[in-house]
Amino acid sequence: MNNYTLFFTLLLLLFSVSESLAFFGTKVSIDPAKQRELDQLLHEMEKNVYQDLPKVLALGNEAIQIAEEIYSTDDLLKIYSKIGLCYENHNQQDSALVYYNYALEYAKHSEDDAKILSVYNDLAITYRRQTQYEKSKQYYLKAMEIARRIGDKSAQENIYHGLGSLYKDISDYENAIKNFLESIKLAEERGHNEYVVHSMQFLAITYAEAGKAESALSVIEDAVTRARSTQDTILNGIVLFDYGKILSLDEKYEAAHEKFSKSLKALKSVGHKPLIARGLFYLADNYAKRGNFRAAHELFLECEKNEQYISIRGRADLYYKMGELYGKEGKKEVAKEYYNKSLALADKQNLLDFQQRNHYDLYKIYEAQGNRDATLRHLTAYTAVRDSLFSEEQTKAITEMQFKYRAEKNEREIEHLQSRQERTIFAGIMVLLLLILAGLTGAAFLSRRNNQKLRTKNTEIKHKNIKLKESNQVLQQFAYVAAHDLKEPLRSIGSFTNLIQRRYGKDFNEEANEYMSFIQTSVKRMDGLLKSLLEYSGITIQQSENRIVSSKKVLQDVLQNLYSSITEKNARIEAVHLLNVCMSDMHLTQLLQNLVSNSIKYCDRTPHIQISSHRSDDRVHFTLTDNGVGLDPDHGEKVFNLFYQEEKGKEGGAGIGLAICKNIIEKYDGNIYYDSRVGEGTTFFFDLPAG
C-alpha cells in the first residue's frame with residue numbers, strides 16, 4: 001500500500017466515523033416508556049407467532065409505528081422478521097418473502113453479519129417451501145459463507161440441516177443424508193443434544209423414504225433415547241410422531257399406532273394445539289387403515305373441531321379422508337359433503353392433487369347413483385386436472401433435473417474452491433511475512449504476480465460458465481424434443497378415435513357417443529398444450545440478440561397482427577414516448593403481442609390500453625396498463641408460471657402467454673411484475689436494454 005492510498009483510506013475512515021456519529025446522534029433521546037411499550041408488543045408477537053396471524057399483524061402494525069417514531073432500526077428488523085415467520089407458519093409463503101425482504105434491508109443497513117445471516121436463512125427456508133430450490137440453495141450458501149467467516153457453528157449446523165431438507169424434498173437422498181450427518185456432527189461437537197435429535201429425525205425419515213428401513217429404524221430409535229434425556233416433552237412427542245410415520249411407511253400399522261398414541265399424549269400434556277391437531281389426524285388415519293372406522297370417526301371429528309390449527313392443505317386432506325371413510329361405510333351423501341368441502345379448499349388454493357382426488361371420487365359416487373350430468377361434470381373436471389397435473393409434474397421434473405445437475409456440479413466446484421482457498425490463505429500469510437521483510441519493492445512484484453493469477457482464474461471461470469451454459473441448452477432442448485415426440489402418438493389416438501366414431505358411431509348408444517366425444521375433446525386439449533410447450537421451448541432455446549429496434553414500429557406491426565381482435569372489441573390503444581431497445585425484433589414482437597392480446601381478450605368492456613416507456617441509465621422501463629378483469633394479487637409470481645391459469649377449467653388460453661413474456665425479458669437481464677385490482681385492470685412493468 002503506497003502513501004497516497006493510506007492517506008485516502010484514513011480520510012474515508014474519518015468521514016465514515018463522523019457520519020455514523022451524526023446518524024446515531026439523532027437516536028440517543030429514546031423515550032423509555034415508548035421502548036417498554038415496543039418491547040411488550042414484540043413479546044406478544046412472539047407468543048402468538050405460531051398460532052394467530054391476524055393478532056400478530058395487528059400487533060406488528062402498532063409496533064412498526066412506534067419503532068419508526070423512535071428510529072429503532074433493530075426493532076424494525078425484529079418486527080418484519082416475526083411477521084414473515086408468522087406468514088410462513090400459516091403457509092402464506094409469498095407474503096412471508098415480502099416481509100423477510102424488508103427485514104433484509106434493515107439487516108444490511110446494520111452491517112451486522114449475524115443479522116444478515118439470520119434473514120438469509122429465513123429466505124432460504126421460505127423459497128424451499130415454495131419449491132424454488134435454486135433460490136433456496138443460493139441463500140443457504142450465502143448464509144454459510146457468512147457463518148464460516150464469523151465462526152458461527154450454530155448457524156452452520158442449521159444451514160446443513162436446511163440443505164439436507166432441500167435435497168430430501170427433491171429426492172436427492174445421497175446429498176440429503178450427507179448434509180444431515182454434517183448437522184449432527186456439529187451439534188454433537190457443541191453438546192446440543194436437542195439439535196442432534198432434530199437432525200436425526202429428518203435423517204431417519206430420509207432413510208425411510210429412500211427405502212432403507214433398517215437404517216431408518218436404527219436412527220429413530222437412537223433419537224428417541226436421546227430425546228428422553230432432554231426432558232423436553234414437545235421434543236419427545238415429535239420424535240415419537242416421526243417414529244410412527246416411519247413405521248407407517250413400512251406398513252407396520254399396529255406399531256405405528258402405539259407411537260402415535262404416546263406422541264399425542266405427550267403433546268396434549270403441554271397443550272401444543274397445532275401439533276395435537278396433526279397427531280390426531282395421523283392417529284385417525286392409522287385407525288382407518290386398520291379398519292377401525294368407529295375410532296377413526298371420533299378422532300377425525302376431534303380434528304375438525306381443531307381445524308383452525310391445521311394448515312389449509314392439511315384441512316383439504318382431513319376433509320378428503322373423512323369423505324373416503326364415509327364412502328367406505330356406504331354413507332354416500334355425507335361422503336359427498338366432505339369431498340365437496342375438500343374440493344372447495346383445493347380450488348381456492350389451487351391444490352391440484354386434491355382437486356384430482358375429489359373429482360374422481362365424486363365421479364364414482366354419482367356414477368353409482370345414476371346421475372349422468374354430475375358424473376360427466378366431475379369426470380371432465382378430473383381429466384382436465386389430471387392433464388394439468390401431468391404438465392406441472394413434467395415441468396417440475398425438468399426443473400428438479402436441472403437443479404440436481406447444477407447442484408452436483410456446484411458441490412464439486414465449491415469443494416475444489418474451498419481447498420484452493422485454504423491453500424491461498426496459507427500462501428497469503430507467507431506472502432505477508434515476505435512483504436514485511438522485502439518492503440515496498442517486493443510488494444509491487446507480488447502484486448503483479450497476483451494480478452496475473454487473478455486473470456488466469458477469471459479465464460477459468462469464463463470457460464466453466466460456457467460449459468454450464470452448454471449443459472443448460474441440452475436440458476432446454478429436452479423439453480422441446482419431449483413435446484415434439486408426443487405429438488405423433490397423440491395424432492394416432494385422435495385419428496383412430498375419429499375412424500371408430502365414423503364407422504361404428506351409429507351402433508353406439510348415446511352414452512358411448514358422449515364418451516367418444518369426450519376423448520376427442522381431451523385429444524384436442526392435449527394437442528393445444530403440446531403446441532404451447534413447443535412454442536415456449538422454442539423461445540427458451542433461442543439466443544438473445546444485440547440489435548437496435550424501434551419499439552414504436554414493432555408495436556405498429558403488433559397492432560396490425562391483432563387487427564381482427566381490436567376491431568371486434570373496438571379496442572383503444574394509446575402509446576406514448578416509446579423508445580428504442582437493444583434486442584431481437586422478433587422477441588419484442590412476441591412480448592408486446594402477448595401482453596396486448598391478453599389485455600384485449602380478458603376484458604369485459606371496451607378495452608383501453610396505455611403503453612409508455614422511459615429511460616434510466618442503460619435500461620428502458622415500460623408500463624402497460626389495461627382496464628380488463630384484473631389479476632388476483634394473491635397469485636403473485638405464479639401468473640408467470642408455465643400453463644398457470646387463475647381458474648382451472650375456465651375457458652381461455654393455455655397459460656403460456658405470460659410465461660413467454662417472462663422468458664423473453666429474462667433473456668435480456670430484465671424483470672417483469674404487475675399491479676392489479678380485480679375488476680378494474682392490470683398494469684405490467686418490465687425493463688429491457690436501451691438501444
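Position 1 is the first residue of the sequence; numbering continues from there. In what follows, every heavy atom counts, from backbone to side chain, and hydrogens, waters and symmetry copies are set aside.
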| field | Donor-acceptor pair between Gln35 and Asp39 side chains, under 3.5 angstrom | value | yes
| query | Are the side chain of Ser263 and the backbone N or O of Gly237 linked by a donor-acceptor pair below 3.5 Å? | reply | yes
| said: Under 6.0 Å between ring centres: does that hold for His614 and Phe622? | reply: no
| query | With sequence neighbours excluded, what pairs up with Tyr100 under the ring-ring contact (aromatic ring centres under 6.0 Å, His included) test? | reply | none
| task | Classify the angle between the aromatic ring planes of His192 and Tyr195 as parallel (below 30°), tilted (30 to 60°) or perpendicular (above 60°). | result | tilted
| So, the side chain of Ser269 versus the backbone of Ala266: is there a donor-acceptor pair under 3.5 Å, distance only? | yes
| message | We want to know whether Glu221 and Tyr243 form a side-chain donor-acceptor pair, criterion being a heavy-atom distance below 3.5 angstrom. | response | yes
| query | Can you tell if the side chain of Lys259 reaches within under 4.5 Å of the side chain of Val239, non-hydrogen atoms only? | reply | no
| Closest non-hydrogen atom pair between Ala216 and Ala204, with its separation | CB-O, 3.3 Å
| task | Give a yes/no verdict on a cation-pi contact between Arg278 and Phe241, requiring under 6.0 Å between NZ or CZ and the six-membered ring centre and an angle within 45° of the axis. | result | yes
| query | Where do Leu117 and Ala155 come nearest, in terms of heavy atoms and distance? | reply | CD2-CB, 3.5 Å
| Are the side chain of Asn48 and the backbone N or O of Glu44 linked by a donor-acceptor pair below 3.5 Å? | yes
| request: Start with the C-alpha distance between Glu637 and Lys662, add both sets of side-chain angles, then the distance that settles salt bridge (Lys or Arg N to Asp or Glu O under 4.0 Å), and finish with yes or no. | output: CA-CA 10 Å; Glu637 289 291 311; Lys662 186 176 183 183; 3.6 Å; yes
| remark: Rounded to the nearest 0.5 angstrom, the CG-CD distance for Leu41 and Glu46 is 13.5 Å
| message | Could you go through Lys137 and Leu166, starting from their C-alpha distance and side-chain angles, then the distance that decides it, and tell me whether this counts as side-chain contact (heavy atoms from CB on, under 4.5 Å)? | response | CA-CA 8 Å; Lys137 183 166 182 277; Leu166 185 151; 4.2 Å; yes
| said: Treating Asp687 as the side-chain partner and Asn671 as the backbone partner, does any N or O pair qualify as donor plus acceptor under 3.5 Å? | reply: yes
| message | Quick one, Thr206 and Glu209 - any side-chain contact, counting heavy atoms below 4.5 Å? | response | no
| query | Ile83 and Gly60: which non-hydrogen atoms are nearest, and at how many Å? | reply | CD1-CA, 4.1 Å
| said: Filter on salt bridge (Lys or Arg N to Asp or Glu O under 4.0 Å), then keep only pairs touching residues 53-72, sequence neighbours left out; what's left? | reply: Lys34-Glu69
Result block: side-chain N/O donor-acceptor pairs under 3.5 angstrom for residues 675-682, not counting sequence neighbours:
residue	atom	partner	partner atom	Å
Ser676	OG	Leu631	N	2.7
Ser676	OG	Leu631	O	3.1
Ser676	OG	Gly681	O	3.1
Ser676	OG	Thr682	OG1	2.8

| task | Verify whether one side chain among Thr230 and Asn193 offers a donor that lies under 3.5 Å from an acceptor in the other. | result | no
| query | How far apart are the closest heavy atoms of Ala176 and Tyr167, and which atoms are they? | reply | N-CB, 3.6 Å
| Between Lys321 and Glu304, is there a side-chain N and carboxylate O pair less than 4.0 Å apart? | no
| request: For residues His297 and Tyr326, establish whether the separation of their ring centroids is below 6.0 Å. | output: yes
| Is the backbone N or O of Val196 less than 3.5 Å from a side-chain atom of Ser199, with the two atoms forming a donor-acceptor pair by type? | no
| message | Can you confirm if the NZ or CZ of Lys142 lies within 45° of the ring axis of Tyr139 and under 6.0 Å from the centre of its six-membered ring? | response | yes
| task | With Met45 as reference, evaluate Leu85, Ile79, Leu57 under the side-chain contact (heavy atoms from CB on, under 4.5 Å) test and give the passing residue. | result | Ile79
| task | Look only at the side chain of Ser342 and the backbone of Tyr319, and say whether a donor-acceptor pair between them is shorter than 3.5 Å. | result | no
| field | Contact summary for Leu203 and Leu181, nearest pair of heavy atoms | value | CD2-CD2, 3.8 Å
| query | Pairs in or reaching into residues 185-196: which pass salt bridge (Lys or Arg N to Asp or Glu O under 4.0 Å), with residues at least two apart or in two chains? | reply | Glu157-Arg190, Glu188-Arg226
| field | Exam field: side chain Asp626 to backbone Gly628, donor-acceptor pair closer than 3.5 Å | value | yes
| query | Can you check whether Tyr320 and Tyr338 have ring centres sitting under 6.0 Å from each other? | reply | no
| request: Walk me through it: do Lys265 and Lys268 pass the test side-chain contact (heavy atoms from CB on, under 4.5 Å)? | output: CA-CA 5 Å; Lys265 183 179 179 181; Lys268 281 184 174 181; 5.9 Å; no
| note | side-chain hydrogen bond (donor to acceptor under 3.5 Å, both in side chains) pairs touching residues 115-124, sequence neighbours excluded, are Asp74-Lys115
| request: Would you confirm whether Glu111, through its side chain, and Lys108, through its main-chain N or O, come within 3.5 Å as a donor-acceptor pair? | output: no
| task | Taking the six-membered ring for Trp and the full ring for Phe, Tyr or His, determine whether the centres of Phe685 and His621 are under 6.0 Å apart. | result | no
| said: Just to verify, what does Asn306 make a side chain to side chain donor-acceptor pair (under 3.5 Å) with, not counting sequence neighbours? | reply: none
| note | Correct closest heavy-atom pair for Glu88 and Ile125 would be OE2-CG2, 3.3 Å
